[in-house]
2 protein chains.
Amino acid sequence: MRADKRERLEAAGWRVGSAEEFLGLSPQEADYVQVKLALSLALRERRLQSELTQADLARLVQSSQSRIAKMEAGDPGVSVDLLMKSLLALGASPRDLARAIDSVPRRD
Amino acid sequence: MRADKRERLEAAGWRVGSAEEFLGLSPQEADYVQVKLALSLALRERRLQSELTQADLARLVQSSQSRIAKMEAGDPGVSVDLLMKSLLALGASPRDLARAIDSVPRRD
DNA sequence: GATCCTTATGCCCAATATGACATAAATACT
DNA sequence: AGTATTTATGTCATATTGGGCATAAGGATC
């Protein structure tokens, strides 16, 4: 965001900042969310790459379409365990998981 | 294991193979276990590096000493989520998590 | 706009993970 | 050897996550 735009917004009474600030997350909590998000995105990418529907993937990992949708949406009620297991079921290697997690932007 | 030893063992009726084979794990399940194990080890290393007892860490992450012990032991009843959250609480970055996971030996 | 396919969202309740506690086992220190 | 500290293991109630189902919402094709 450009500095002048930020100034205009703040002058108008808006609070400008990251989602973490807004939600009041600690740095660790923010990192955790980011990791889950990265795995979510990796899952969606892999599924589409494999040309599977969410229902297909659900069958593959013995879950349900709704769970897959929630996983890909980064729903808070989905565990990293399930994300990882699903990714592995799609043929991802531990190294692939590592790469996905490593794509999380560094904090400053 | 040396080939001749393996032969002697098998001649004597032993089945020789990896722990995964023995436990009847699929490759994906084996990878998942390996990832958890890698995080367990990383946790122990970091905790010791920080010169904290399990009880100290338990306070830090609002858990209990017994949970920490189970985490570090790679207990099946411990989630990757908890492992990650604990590592992050010890100051690990997402990149550190990625490195730990990437240390899992490749399957062949 | 009707039909089909896919994805999103909300709700059950069964299964699993959780912190807490007790206590055993291991390790360190004198 | 005895004691203190740390770690391991078992159990329990409570909380969270799980699959399954219904249904809404989006998107494509006709």
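Below, all heavy atoms of this structure are taken into account, side chains as well, without hydrogens, waters or symmetry copies. A note on names: the letters A, B, ... follow the listed sequences, proteins ahead of strands, and every chain is numbered from 1.
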Please evaluate the base of [N] for a donor-acceptor partner in the side chain of [X] within a cut-off of under 3.5 Å?
{"X": "A:K85", "N": "D:dT17", "answer": "no"}
{"X": "A:K70", "N": "D:dG18", "answer": "no"}
{"X": "A:Q65", "N": "C:dA8", "answer": "yes"}
{"X": "A:S64", "N": "D:dG20", "answer": "yes"}
{"X": "A:S66", "N": "D:dC21", "answer": "yes"}

Look at the side-chain N and O atoms of [X] and state whether any lies under 4.0 Å from the OP1 or OP2 oxygen of [N].
{"X": "A:S63", "N": "D:dG18", "answer": "no"}
{"X": "A:Q54", "N": "C:dA8", "answer": "yes"}
{"X": "A:R44", "N": "C:dA8", "answer": "yes"}

Nearest-nucleotide 5' precedence on DNA chain D, B:D81 against B:L52:
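Taking each residue's closest nucleotide, the earlier one in sequence belongs to B:L52.
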Please report the shortest heavy-atom distance between B:A100 and B:L39, naming the atom on each side.
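Closest approach of B:A100 to B:L39, heavy atoms only: CB-CD2, 4.3 Å.
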Please answer whether the main-chain N or O of A:V78 pairs with a side-chain N or O of A:K36 as donor and acceptor at a distance below 3.5 Å.
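Flag set: sc A:K36 to bb A:V78 pair under 3.5 Å.
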Salt bridge present between A:D102 and A:R99 (N-O < 4.0 angstrom):
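The answer is no: the pair does not qualify as a salt bridge.
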Touch check for B:L82, heavy atoms < 4.0 angstrom, all strands: base, sugar-phosphate only, or nothing?
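Sugar-phosphate contact only.
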